[in-house]
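Just follow the structure's listing: the first ligand is 1, and inside any ligand the first atom is 1. Because the structure is predicted, anything quoted here is derived from the model rather than measured.
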Amino acid sequence: MLQGQVRLKRLHHRLSAELARLENRLRSTETGSSQELSAYDNHPGDLGTITANRELDMGLVRHLRRRRDDVGRALAKIDQGSYGRCDRCGAAIEPARLEAEPEAACCLSCAEHVNLP
Ligand SMILES: [Zn+2]
């Protein structure tokens, strides 16, 4: 239990740092874009790469935010003493599942039945 908490806190910290880094990068490409665009006038291929990278980053940001929220919820469950219990059916979450995914909010069979967005 305690070990899971340490892992989750580290994970939360790492995800937050990664998010901040990506959000910074997205902001800087946003503000500098008009100048960069003219510089890349003769290289339409590079422009496509920049746009593709931005979309990749934005997808990653969404993914990281969701994961960080999951980790935050798992930490709250530790505080409430309900960590390791399935949110949906209340059964104990498989230890192997928690090992692989410490932020898991429900057991394996519930996770298979819920269509997560
Ligand atoms: Zn369940």
Side-chain angles (χ1 to χ4, degrees):
M1 186 74 93
L2 212 78
Q3 202 194 354
Q5 190 171 12
V6 172
R7 276 183 70 194
L8 281 165
K9 279 190 171 155
R10 278 204 196 120
L11 193 59
H12 196 270
H13 186 77
R14 221 179 55 212
L15 289 168
S16 300
E18 182 69 8
L19 258 173
R21 197 177 64 81
L22 275 169
E23 281 166 346
N24 254 329
R25 196 163 77 190
L26 277 171
R27 259 197 300 277
S28 69
T29 51
E30 206 164 23
T31 49
S33 61
S34 56
Q35 275 181 332
E36 273 174 42
L37 292 193
S38 57
Y40 283 101
D41 263 354
N42 298 320
H43 305 277
D46 291 346
L47 195 61
T49 310
I50 290 171
T51 313
N53 282 341
R54 247 185 91 79
E55 268 164 28
L56 217 67
D57 280 353
M58 284 192 285
L60 204 58
V61 163
R62 273 195 296 272
H63 168 81
L64 287 172
R65 272 196 196 128
R66 206 155 47 212
R67 184 119 198 258
R68 189 190 55 180
D69 289 350
D70 286 348
V71 173
R73 268 194 294 275
L75 281 167
K77 281 174 80 174
I78 290 178
D79 285 342
Q80 293 155 11
S82 60
Y83 180 72
R85 299 245 153 232
C86 174
D87 271 359
R88 211 158 157 262
C89 69
I93 300 173
E94 298 79 359
R97 177 165 163 74
L98 286 176
E99 183 65 36
E101 203 182 322
E103 74 273 29
C106 51
C107 71
L108 204 59
S109 63
C110 284
E112 275 168 4
H113 286 99
V114 181
N115 263 333
L116 296 167

Under-2.8 Å protein N/O/S neighbours of the Zn ion (ligand 1), ordered by chain then residue number = Cys86 SG, Cys89 SG, Cys107 SG, Cys110 SG

message = Membership question, hydrophobic clusters at under 4.5 Å side-chain separation (ILVMFWY): are Leu15 and Leu60 in the same one?
response = yes

ask   = Do you know which of Glu18, Glu101, Glu103 makes salt bridge (Lys or Arg N to Asp or Glu O under 4.0 Å) with Arg67?
value = Glu103

Glu94: partners by salt bridge (charged side-chain N to carboxylate O under 4.0 Å, His left out), with sequence neighbours left out = none

query = With distance as the sole test, does Arg97 use its side chain to make a donor-acceptor pair with the main-chain N or O of Cys106 at under 3.5 Å?
reply = yes

ask   = So, the side chain of Lys9 versus the backbone of Gly4: is there a donor-acceptor pair under 3.5 Å, distance only?
value = no

request  = Would you mind checking if Arg7 and Glu99 are paired as a salt bridge, meaning a charged N to carboxylate O distance below 4.0 Å?
outcome  = yes

